[in-house]
Amino acid sequence: MPPRVVLHVDLDYFYAQCEENANPKIRGKPVVVCVYSGRTEESGAVSTCNYLARKYGVRAGVPIVRAKKLLESVDAIFLPTNRAYYEEISDRIMEILRTNADAYEKLGIDEAFLDVSSRTGNDFDLGRDIAVEIKKQVFAQEHITCSVGIGPNKVLAKIASDQTKPDGLTMVKPEETEQFLSSLPVSRIPGVGKKAEERLTQLNVSTISDLSALTPTLLIEIFGKSLGSYFYHASRGVDNEPVKEREQPTQFSRIATLKQNTREPEQILPLLTELVTSVAAKMKEEGITGKSVAIIAILTDLSIHSKSKMLESPTSETRVIENAGRQLLEEYLQQAPGANLRRVGIKVSALTKQTGQTDISKFLSG
DNA sequence: CCCTCGATCAC
DNA sequence: CCTCATATCGAGGG
């Protein structure tokens with residue numbers, strides 16, 4: 001079998017680029033899109049920023065207060081996220097991507113994998129033509145630039161798209177794999193985050209070439225069966241995961257910050273109800289019900305705890321989820337006497353798509 | 001094989 | 001000073 005031709009398309013600094021298009025006057029200035037937590041005027045963190053802001057050290061996740069300090073000497077623009085707006089734009093772009101692929105897999109609001117093996121006859125140069133065409137179409141229609149990686153599989157395509165950006169195009173042909181990967185830091189492998197990188201550093205492993213020298217046995221000992229074997233293969237540029245469209249989400253969750261730290265249900269429940277209402281509305285919109293309900297508690301020390309339970313039957317009813325949430329919260333507060341909550345969240349999982357057909361369980365039990 | 005929970009990643 | 005949403009894994013207990 002000839003190698004596949006896989007594209008990874010990454011929309012550049014997506015939220016901030018959407019904002020630049022919505023208001024061209026802010027172009028040429030640092031643009032920082034923020035999630036305001038509502039605790040104080042400026043509490044919260046950076047979601048995305050443009051490359052000009054990055055020059056000053058601003059990054060996703062940086063506290064807004066710190067970003068303002070980094071940018072105090074310049075005329076910078078700070079904006080709240082407008083997620084529904086970005087989703088509209090993303091949906092239209094994803095439609096362009098889908099029509100340019102044999103198989104399509106959306107990874108998030110701003111990235112997707114495309115398999116173009118069939119329509120290129122496994123010719124990488126034709127794959128590059130498609131990438132150029134996609135960039136052209138996306139920019140012509142939405143004025144959004146993107147960075148595209150082309151490789152024989154998903155891992156290589158994704159590492160490639162990260163290589164040159166913004167507005168980049170990087171192709172790694174199968175025979176170029178080893179040369180391309182060898183000197184890159186291990187952190188460039190998707191799935192290697194802060195923790196994995198730390199553990200690898202302890203083993204004197206810093207480049208992907210270093211990583212490829214480790215035995216699968218050792219990797220599995222350290223990282224477990226799944227991740228260990230994935231690292232073993234990824235370090236060699238091997239990845240057989242198909243490009244496969246994600247059907248439905250497997251969970252719906254919402255989380256928010258309390259006005260003040262507390263363990264008083266009277267202070268927590270109103271917010272929890274808001275979150276439940278929002279999650280239930282989204283589930284009804286999508287015609288999906290869920291059987292597992294969880295509350296998430298983030299304490300003053302930022303540690304994360306959760307408590308979940310299965311319902312009698314799947315639901316998208318606000319009151320049912322709310323009742324379960326309230327009960328879980330009370331149980332949690334009892335079992336964690338010292339817990340002081342900073343943030344609270346709700347999650348519904350074990351989802352079922354409502355088909356409109358008679359539920360088989362009713363049929364069986366009736 | 002199912003449930004619960006924490007950890008990790010990455011946005 | 002520290003947002004938000006989702007997927008996946010592994011351990012531990014049934």
Side-chain angles (χ1 to χ4, degrees), chain A residues 10-16 32-49 58-70 78-83 86-87 90 105-111 158 162 186-199 220-231 241 244 246-258 261 275 278-279 282 290-311 324 328 331-332 335-336 342-351:
Chain A
D10 200 324
L11 307 180
D12 299 323
Y13 61 102
F14 184 53
Y15 293 2
V32 186
V33 180
C34 306
V35 180
Y36 291 92
S37 67
R39 212 164 231 230
T40 67
E41 191 69 21
E42 311 222 304
S43 62
V46 172
S47 179
T48 325
C49 61
V58 180
R59 294 284 183 278
V62 166
I64 296 167
V65 174
R66 202 193 307 168
K68 294 218 163 174
K69 286 222 177 79
L70 288 167
F78 286 80
L79 298 166
T81 55
N82 186 352
R83 181 113 186 164
Y86 313 139
E87 255 159 32
S90 169
E105 178 176 344
K106 177 177 167 166
L107 266 197
I109 192 169
D110 64 352
E111 53 183 305
K158 187 160 164 94
D162 197 42
V186 287
S187 57
R188 289 284 301 279
I189 296 175
V192 176
K194 193 162 167 275
K195 298 289 181 178
E197 191 180 3
E198 269 172 24
R199 277 175 285 181
I220 288 171
E221 257 172 46
I222 300 172
F223 296 104
K225 203 154 73 90
S226 172
L227 203 56
S229 122
Y230 163 71
F231 286 164
E241 288 305 305
K244 197 166 176 297
R246 310 257 169 142
E247 309 298 338
Q248 295 294 323
T250 64
Q251 60 182 238
F252 290 92
S253 68
R254 282 221 53 191
I255 193 163
T257 304
L258 292 152
N261 301 336
L275 299 174
S278 156
V279 163
K282 195 164 174 187
K291 201 166 186 295
S292 173
V293 175
I295 57 142
I296 301 149
I298 294 164
L299 308 187
T300 343
D301 65 358
L302 300 183
S303 63
I304 301 170
H305 304 259
S306 68
K307 193 158 181 61
S308 68
K309 69 171 189 172
M310 302 296 281
L311 302 173
L328 287 164
E331 286 170 19
Y332 173 72
Q335 78 174 54
R342 177 186 174 88
R343 310 172 65 205
V344 69
I346 190 91
K347 175 173 89 171
V348 182
S349 56
L351 304 180

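Residue numbers begin at 1 in each chain, while the letters A, B, ... track the order of the sequences.
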Within the 4.0 Å heavy-atom criterion, would you say [X] contacts the bases, only the backbone, or no part of the nucleic acid?
{"X": "A:K309", "value": "sugar-phosphate"}
{"X": "A:A294", "value": "nothing"}
{"X": "A:T257", "value": "sugar-phosphate"}
{"X": "A:V62", "value": "nothing"}
{"X": "A:K282", "value": "sugar-phosphate"}
{"X": "A:S43", "value": "sugar-phosphate"}
{"X": "A:G44", "value": "sugar-phosphate"}
{"X": "A:E111", "value": "sugar-phosphate"}
{"X": "A:G61", "value": "base"}
{"X": "A:A256", "value": "sugar-phosphate"}

Check your understanding: In the structure shown, which nucleotide is the Watson-Crick or G-U wobble counterpart of C:dG12, with both distances under 3.5 Å?
Key -> B:dC3
Look at the side chain of [X] and decide which nucleotide, out of [options], has an atom nearest to it.
{"X": "A:K195", "options": "B:dC9, C:dA5, C:dC2", "answer": "B:dC9"}
{"X": "A:R246", "options": "C:dA7, B:dT4, B:dC11", "answer": "C:dA7"}
{"X": "A:R342", "options": "C:dC4, C:dA7, C:dT3", "answer": "C:dT3"}
{"X": "A:Q251", "options": "C:dA7, B:dC11, C:dC2", "answer": "C:dA7"}
{"X": "A:P190", "options": "B:dA10, B:dC11, B:dC9", "answer": "B:dA10"}
{"X": "A:S292", "options": "C:dT3, B:dT4, C:dA7", "answer": "B:dT4"}
{"X": "A:H305", "options": "C:dT3, C:dC2, B:dG6", "answer": "B:dG6"}
{"X": "A:P63", "options": "B:dC11, B:dC9, C:dC2", "answer": "C:dC2"}

Practice item. Check for a donor-acceptor pair, side chain of A:S90 on one end and backbone N or O of A:I109 on the other, with a separation under 3.5 Å. Key: yes
Review point. Is A:R39 reaching over with its side chain to a backbone N or O of A:L258, donor-acceptor style, under 3.5 angstrom?
Key: yes
Check your understanding: Quick one: do the A:S37 and A:S43 side chains pair a donor with an acceptor below 3.5 Å?
Key -> yes
Study note, to complete from the structure: Heavy-atom nearest nucleotide on DNA chain C taken for A:L302 and for A:S226; more 5' hit belongs to A:L302
Revision key, fill the gap. Between A:R254 and A:K225, whichever has its closest DNA chain C nucleotide further toward 5' is A:R254
Review point. Taking syn as any angle within 90 degrees of 0 and anti as the rest, which one fits B:dC1?
Key: anti
